[in-house]
Structures are given as C-alpha cells and as structure tokens.
Amino acid sequence: MSSHGPGNHGPGNHGPGQADGRPLFFLIAGEPSGDRLGARLMTALRQATGGRARFTGVGGPRMAAAGLQSLFPYDRLSVMGLVEVVRHLPRLLGDIHRAARAARAARPAAVITIDSPDFSFRVARRLQGAGIPLVHYVAPSVWAWRPGRARKVAKLYDLLLCLLPFEPPWFTPHGLDARFVGHSVVEPDENQVTGEAVPRAPWPAASVTRLCLLPGSRTGEVRRLLPVFRQAVDLLARRRTLDVVVPTVPTVAALVRQGTADWSVPVRVVEDIAAHGPAMAQCDVALAASGTVTLELAKHGVPMIVAYRTHPLTAFIARRLLRVSTVTLINLVEGRQVIPEYIQADCTPERLAAAVGGLLDDSRAAAAQTSASHHALVSLGMHDDAPSRRGALAILDCLGTPPTG
C-alpha cells in the first residue's frame, strides 16, 4: 500500500489542500464514462463536505459543469488498445508529466484518478513520495487479465473504489484499501431530458421495429463497428421496417452522423447524454459495442446483442492474456452467458442480423435476458445508496475527514 499517510488530514489537522477546512481534490478523467463518474463524485463530495470541496485537474464537459476547469482537453487521454497506446505514447507522456506537475503544485487533499489506467497509473507513479493521498476510481480488470497488476496498483494507491462486487478481494490481500461502492449505472439520473430528447410522439407504427445501435464512444470503435452495423441493418431491413436510434457522445458524434447520413433506413442520432435513457427505453432491441452501455440498456429493459472489433494485433495479444470467456459485464456478474456476444471474426453483418432477428422473433428469450440482466443490476448496487455517495464517503473516511453533509 502507498505510504502517503491518508489519515493525516482530519478536520483538526488541515494538511495540503485543506486550507480553511475547504478540501481541494485533483481529479483526472480521460473519457466520457470517466467524465460522468467524476462529475457525480464531485457533486457527492461537495454535498458530503457541506459545500466546502474544491476541484481541479483534467475532465470533460460534465465535470466542467460541476465546477472543474480542465488543464487540457480530456479526450486526448481517450486511447484504448495496446497498439493504439503505443502510437500515441509521446503525446500521452507529455500530458502525464503535465498532470503530475500540476498535482504536485496544487498540493490537494487527494488526487483521484478515474479509470483510464494507461494514463492514471503513470501519473500516480510520478506522485509517489509527494505526500498526497492517491485514490483510483474503477478497478482495473485484473480478474480478466494480468492479475499481477493488483500488486502494482496496491503499491500506487491508498484507496481503490470498485464498481463490481467481486473486485475487492483481488486487491485487499496486497494491503490496498479496496471498497465496492456500486456501479454508476444504478446511480439515480441527476438530469432531466433536455433539448435533444428523442420525441415521445409521434413514434413509428407498432409494425415498425425500433433498433438501438451503439457503436462505441471512441473513434476507433466507431470506425470499425459502424460499417458492420450498417450492413447488418441492411440485412434486417429486408424482412422488417426499421427505425434506428443511435445514442452517442460529443467526441464521436460528428463521425456517427457522417457514417449514418446515407443509410437506407431512418436514423436518429442522439447526442444529448441526458436523452440517452429515454431513447434506449423506446427501443425493441439493441446492437451494442461491449462496454458500460450494456448496463444502461439493461437498466431500461432492452434486450441486446453485443459486438466488438479491435485492432487485429490487440486482439491477438488479448486472446493470450484473457482469463475470462466473456467481455460483457452482465455475463460476468451472473456467471453465465446471458447476453450473446459476437467478437472479432464472429462480428459479421450476417451473424449480427441473425442474432438481432432471433431476439425479435423469440419473446421468451428476450424476456429471460431482461430478467437476468435486472438481477445483475441488483448485484451491482441497485436499491442501495448511490455509488457516488458511497465513493465520496469512502474517500473522506480514507482521509480521516468526517462528512458534514
């Protein structure tokens, strides 16, 4: 475990970043999901400290709206895959140095890195010995590959906030304070649907199949998956009248709009994140990239098929390192194949179209999937305290600072 002395900053002993009892937190998030986690955690920290918490670091638009001024554009950190990271390494190293230098200068009550392990862990390594408590939010998937990382993470951080209930035991034997706080997908929605909401009416006639497509939140994912999804849609459209909804994020919205502009079926691109839930909820079935979005679909009771393609070399290496037979969180939590997956060579238009059509034709299979998915969400913290609240309280407890709100 890191030797930063996280318990030295209680209310009677204001340490770095605790001037006048107003703790300063330095957060780092590098992608849309992390930006959302960070914004919710900031809100929870502010509430738990009676409005005294202050924030700086690196984040996106949601964290900016919560009160953070980012050092540089957060989407520069959104790089995934072994090959992709190597390609962008010089720029990433420069940003790592800049973030670590800023954190040292700020002397915060704690540095909180959120996911993005390739970036986050390198920043944490550069902050060793600085006397700043280090927290990481979203445990690396050591249960899936490279379990030896658990020991390395334990050497870097004082506290690890875990999204999955089976994760803490992978880290606690190495002396790391690892706590299950719940998955962000079960967090109550803090925003009402705004401007770009998919209209509730008029919707297509009952004979029209409403298909939700989710080709990923990173440029590489969209470029690899959207053409395959298009061909699958063309095949499905031979037998059904389709209306397609594509919830997306600002970082790839232009690419998605360009890629769907000339499709043979109606396509609605929904960029407003607050409108994603209602857009999903109105769909009959979904075809989605592997990731957190599968839990969002489950939350709204939408049966789904999961698909994914990555760089061939990344896939080749991953096949030799992975210790699990599934990449879908619902399957991992349930311990069985609830959601059908089509990965790499299996991710073909023909197979995807057949799988989606199969769910539409078999109402029992679709109902069984949504029921099992709901059970998984309960295991992830649904009906408990909000994960952001639990995370904020865990951080304050690690710092020895009792909550005041």
Side-chain angles (χ1 to χ4, degrees), residues 30-36 60-62 73-81 83-84 87-88 91 193-199 203-204 208-238 240-280 282-283 285-294 296-297 302 304-312 314 342-344 347-350 352-353 356:
E31 54 190 332
S33 60
D35 182 42
R36 189 171 191 176
R62 295 175 73 91
Y74 86 125
D75 53 7
R76 285 163 50 156
L77 313 185
S78 184
V79 180
M80 184 178 183
V83 175
E84 292 83 349
R87 184 183 306 143
H88 294 280
R91 175 177 55 77
V193 178
T194 58
E196 203 189 324
V198 174
W203 258 97
V208 175
T209 297
R210 291 161 290 188
L211 172 63
C212 183
L213 291 184
L214 295 144
S217 60
R218 301 177 179 88
T219 299
E221 291 174 331
V222 173
R223 286 178 174 164
R224 289 191 181 95
L225 287 176
L226 198 57
V228 182
F229 284 9
R230 175 180 185 161
Q231 295 177 60
V233 166
D234 287 341
L235 291 172
L236 285 165
R238 294 177 182 178
R240 292 170 166 72
T241 302
L242 297 178
D243 189 277
V244 174
V245 176
V246 188
T248 190
V249 293
T251 50
V252 295
L255 183 61
V256 170
R257 291 184 190 278
Q258 179 184 1
T260 58
D262 61 346
W263 283 24
S264 60
V265 300
V267 177
R268 310 181 190 190
V269 178
V270 183
E271 185 176 344
D272 184 355
I273 294 176
H276 285 185
M280 293 178 187
Q282 295 181 56
C283 291
V285 69
L287 177 56
S290 171
T292 304
V293 72
T294 58
E296 291 282 355
L297 290 166
V302 183
M304 75 195 85
I305 300 297
V306 165
Y308 204 76
R309 281 185 179 180
T310 189
H311 190 285
T314 299
Y342 295 84
I343 312 298
Q344 291 302 106
C347 182
T348 66
E350 295 77 13
L352 297 182
V356 171

Pairs in or reaching into residues 246-256: which pass salt bridge (Lys or Arg N to Asp or Glu O under 4.0 Å), with residues at least two apart or in two chains?
->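 The answer is none; no pair qualifies.
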Under 3.5 Å, side chain of T260 to main-chain N/O of V256, donor-acceptor pair present?
->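 Such a contact is found between T260 side chain and V256 backbone.
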Are any of the side-chain heavy atoms of [X] and [Y] separated by less than 4.5 Å?
X    : Y    : answer
E296 : M280 : yes
L255 : R223 : yes
V267 : R257 : no

Given R62 and I273, is the side chain to side chain contact (heavy atoms under 4.5 Å, CB included) satisfied, shown in steps?
-> CA-CA 10 Å; R62 295 175 73 91; I273 294 176; 3.6 Å; yes
If you compare all heavy atoms of [X] against all heavy atoms of [Y], which two are closest, and at what distance to 0.1 Å?
X    : Y    : answer
P215 : V246 : CD-CG1, 3.9 Å
V222 : G216 : CG2-O, 3.6 Å
C347 : L352 : SG-CD1, 4.1 Å
C283 : L211 : SG-C, 4.1 Å
Q344 : T310 : OE1-N, 2.6 Å
T294 : A289 : CG2-O, 4.0 Å

Between CZ of R218 and OG1 of T251, what distance do you get to the nearest 0.5 Å?
->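 Taking CZ in R218 and OG1 in T251, the distance rounds to 9.5 Å.
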Got a sec, which residues hit side-chain contact (heavy atoms from CB on, under 4.5 Å) with [X], two or more places apart in sequence or on another chain?
X    : result
T241 : V208
A253 : T248, E271
A286 : C212, L297, V302, M304
R230 : D234, D262, W263

Before giving the answer on side chain to side chain contact (heavy atoms under 4.5 Å, CB included), spell out for V228 and T348 the whole-Å C-alpha distance, their side-chain angles and the decisive distance to 0.1 Å.
-> CA-CA 7 Å; V228 182; T348 66; 5.8 Å; no
List the steps, then state whether side chain to side chain contact (heavy atoms under 4.5 Å, CB included) holds for R224 with Y308.
-> CA-CA 9 Å; R224 289 191 181 95; Y308 204 76; over 6 Å; no
